[in-house]
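In what follows, a single structure is set out as structure tokens and then discussed.
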Amino acid sequence: MIPYGRQSISKDDLAAVVDVLTSDFLTQGPAVPAFEETMRDLCDAKHSIAVSNATAALHIACLALGVGRGDIVWTSPITFVASANCALYCGAEVDFVDIDPRTYNLSLEALADKLKRAELTGRLPKVVIPVHLAGQSCDMAGLNALALRYGFKVVEDASHAVGAHYKGEPVGNCRYSDITIFSFHPVKIITTAEGGLALTNSPELAQRMSLLRSHGITRDPEEMTGPSEGAWFYEQLMLGFNYRMTDIQAALGSSQALRLHEFVGRRRELAAMYDASLTGLPLTLPWQHPDTTSSYHLYIIQLEAHLCEDRARVFDELRNQGIGANLHYIPVYLQPYYRRLGFQRGYCPEAEKYYSCAISIPLYPGMSQQDQAVVIDALKKAVPRG
Ligand SMILES: *Cc1c(COP(=O)(O)O)cnc(C)c1O
């Protein structure tokens with residue numbers, strides 16, 4: 001099976017991990033701050049906090065922004081469930097903004113409309129979480145303008161967009177958001193096995209998130225409520241978690257970060273090859289907004305509307321031909337858990353239309369030209385003519 005995504009581990013990556021395993025610290029050593037610094041510098045952000053996974057990063061991002069009972073968080077329905085679950089962890093409610101049919105990202109028109117209505121009913125969101133689907137940034141300048149007008153905070157779920165750019169600047173610099181989070185799951189752009197990161201330019205948010213990552217405990221006398229009682233002393237200032245990344249993971253992350261440019265370059269090459277080879281088939285290929293340079297975490301195709309009834313057959317045929325087709329994503333609110341909260345089919349029509357026609361085809365830096373040719377041939381066979 002040619003998988004839809006796969007990590008690429010080099011000899012240097014292996015050596016970096018082995019170095020940590022034979023050092024004094026497997027966790028809470030120097031590799032985590034080194035990785036944080038690497039990512040902060042790559043993204044031109046002021047602060048970064050490495051955590052156990054991106055779900056944990058979303059959770060502490062919401063908590064640091066004060067999300068709690070009585071609050072509402074809005075996100076895109078076309079995302080992994082974690083982008084919505086993080087609000088529920090905080091006791092808040094979650095709601096969904098329909099997508100733009102070209103980018104499949106949260107639609108700014110839909111958002112502007114929904115905000116207007118929410119203002120009238122006094123139900124404005126505390127936080128909006130845009131998701132940079134497949135590695136293409138949302139319209140962050142537009143979103144920021146709405147955030148200033150309506151007073152909500154912004155957390156970018158950039159799990160797909162490590163190494164992507166928006167208006168010529170790296171995603172993660174938080175120019176138009178309060179916090180940006182990354183995922184380092186093996187299918188994502190760079191990996192730490194499990195791992196995540198929160199970036200911010202706010203020293204207060206950074207401090208809160210680093211406390212929340214580790215039980216709410218500080219050993220820094222400057223942060224304590226009173227004088228330190230000795231070298232052993234620490235204080236728990238808030239209720240936090242153990243969301244720490246290990247040094248083993250961080251060393252892998254730093255080593256992978258050196259290859260980020262190569263990874264994204266290769267993904268873009270493969271995407272360009274798909275673009276060139278699949279035109280002429282009755283498919284919608286990924287449309288790119290001129291302000292964005294995608295990291296191409298995913299290559300998502302859509303069958304033309306009149307063929308979408310055939311999607312399951314096309315999908316199965318690809319799988320039968322050894323192509324690890326996938327689907328990103330089922331609209332979150334259609335999950336049974338979310339339906340029990342009251343969401344119904346028809347809530348976000350564009351998201352549902354997208355869902356019924358989309359397929360993700362394999363794309364990862366280690367994909368060979370031959371593998372890609374096999375995928376292209378299989379698609380040509382599986383997709384009905386015209
Ligand atoms: C992968 C992913 C997450 C969760 O990442 P983990 O590191 O597995 O917790 C969240 N949001 C999106 C959009 C993702 O793709």
Side-chain angles (χ1 to χ4, degrees), residues 3-7 32 35-36 39 48-63 73-90 94 96-97 99 103-106 127-138 140 154-164 171-172 177 179-199 209 212-213 241-246 249-250 252-253 256-257 267 286 294-300 326-333 335 338 351 354-355 358 360 363-364:
Y4 90 85
R6 190 181 199 286
Q7 71 277 10
V32 171
F35 178 52
E36 289 173 333
M39 294 308 295
S48 70
I49 293 96
V51 287
S52 45
N53 54 66
T55 306
L58 285 163
H59 185 193
I60 62 171
C62 285
L63 288 174
V73 172
W74 292 2
T75 189
S76 168
I78 299 300
T79 184
F80 185 55
V81 292
S83 323
N85 289 347
C86 57
L88 304 184
Y89 297 158
C90 303
V94 70
F96 300 91
V97 182
I99 62 164
T103 61
Y104 320 141
N105 282 332
L106 179 150
V127 172
V128 173
I129 305 181
V131 180
H132 304 322
L133 192 76
Q136 173 169 224
S137 176
C138 291
M140 291 305 299
V154 177
V155 176
E156 295 175 65
D157 184 343
S159 292
H160 298 182
V162 183
V171 168
S177 66
I179 297 169
T180 301
I181 70 98
F182 288 157
S183 172
F184 307 122
H185 183 277
V187 296
K188 307 285 164 73
I189 306 284
I190 61 171
T191 191
T192 60
E194 296 283 358
L197 188 82
L199 296 147
M209 289 193 288
L212 287 163
R213 162 177 65 181
F241 309 88
N242 179 352
Y243 280 169
R244 292 188 302 265
M245 178 181 275
T246 66
Q249 294 166 303
L252 177 56
Q256 288 259 302
R267 285 177 177 277
S294 180
S295 53
Y296 282 103
H297 165 54
L298 300 172
Y299 194 91
I300 299 170
N326 215 307
L327 214 159
H328 301 90
Y329 291 93
I330 305 160
V332 173
Y333 64 82
Q335 296 293 348
Y338 280 88
Y354 160 86
Y355 168 59
S360 305
L363 182 65
Y364 50 93

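Excluded from the calculations below are hydrogen atoms, water molecules and symmetry mates; all remaining heavy atoms, backbone and side chain alike, are included. Whatever order the structure lists them in is the order used to number ligands and atoms, beginning at 1.
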Review point. Less than 3.5 Å between some nitrogen or oxygen of Ala54 and one of ligand 1, yes or no?
Key: yes
Check your understanding: Is the shortest N/O to N/O distance between Glu194 and ligand 1 below 3.5 Å?
Key -> no
Check your understanding: Which one of His185, Lys188, His297 has a non-hydrogen atom at the shortest distance from atom 2 (C) of ligand 1?
Key -> Lys188
Proximal ligand 1 atoms for [X], defined as those under 4.0 Å from one of its heavy atoms:
| X | answer |
| --- | --- |
| Thr79 | 13 (C) |
| Phe80 | 3 (C), 4 (C), 12 (C), 14 (C) |
| Tyr329 | 15 (O) |
| Ser83 | 11 (N) |
| Gly195 | 7 (O) |
| Ser183 | 1 (C), 5 (O), 6 (P), 7 (O) |

Check the orientation of [X] and [Y]. Use parallel for under 30°, tilted for 30 to 60°, and perpendicular for over 60°.
| X | Y | result |
| --- | --- | --- |
| His297 | Tyr4 | perpendicular |
| Phe184 | Phe182 | perpendicular |
| Tyr354 | Tyr104 | tilted |

**Study point:** Contact partition for Val131 relative to ligand 1, non-hydrogen atoms under 4.0 Å
**Key:** side chain
Review point. At a non-hydrogen distance cut-off of under 4.0 Å, which region of Thr55 contacts ligand 1 (side chain, backbone, both, or neither)?
Key: both
Name the closest protein heavy atom to [atom], giving the residue it belongs to and the distance to 0.1 Å.
| atom | result |
| --- | --- |
| atom 3 (C) of ligand 1 | Ser159 OG, 3.6 Å |
| atom 15 (O) of ligand 1 | His160 NE2, 2.7 Å |
| atom 11 (N) of ligand 1 | Asp157 OD2, 2.7 Å |

Check your understanding: Do side-chain atoms of Glu194 reach the backbone of Ser52 as a donor and acceptor pair under 3.5 angstrom?
Key -> no
Practice item. Give a yes or no answer on whether the side chain of Arg267 reaches the backbone of Tyr296 with a donor-acceptor pair at less than 3.5 Å. Key: yes
Check your understanding: Any side-chain heavy atom of Ser183 within less than 4.5 Å of one from Asn53?
Key -> no
Check your understanding: Ring centres of Tyr89 and Phe241 under 6.0 Å apart?
Key -> no
Review point. Stepwise, does the side-chain hydrogen bond (donor to acceptor under 3.5 Å, both in side chains) test hold for Glu156 with Ser177?
Key: CA-CA 7 Å; Glu156 295 175 65; Ser177 66; 2.6 Å; yes
**Study point:** Verdict with supporting geometry, Thr192 and Gln249, side-chain hydrogen bond (donor to acceptor under 3.5 Å, both in side chains)
**Key:** CA-CA 5 Å; Thr192 60; Gln249 294 166 303; 4.9 Å; no
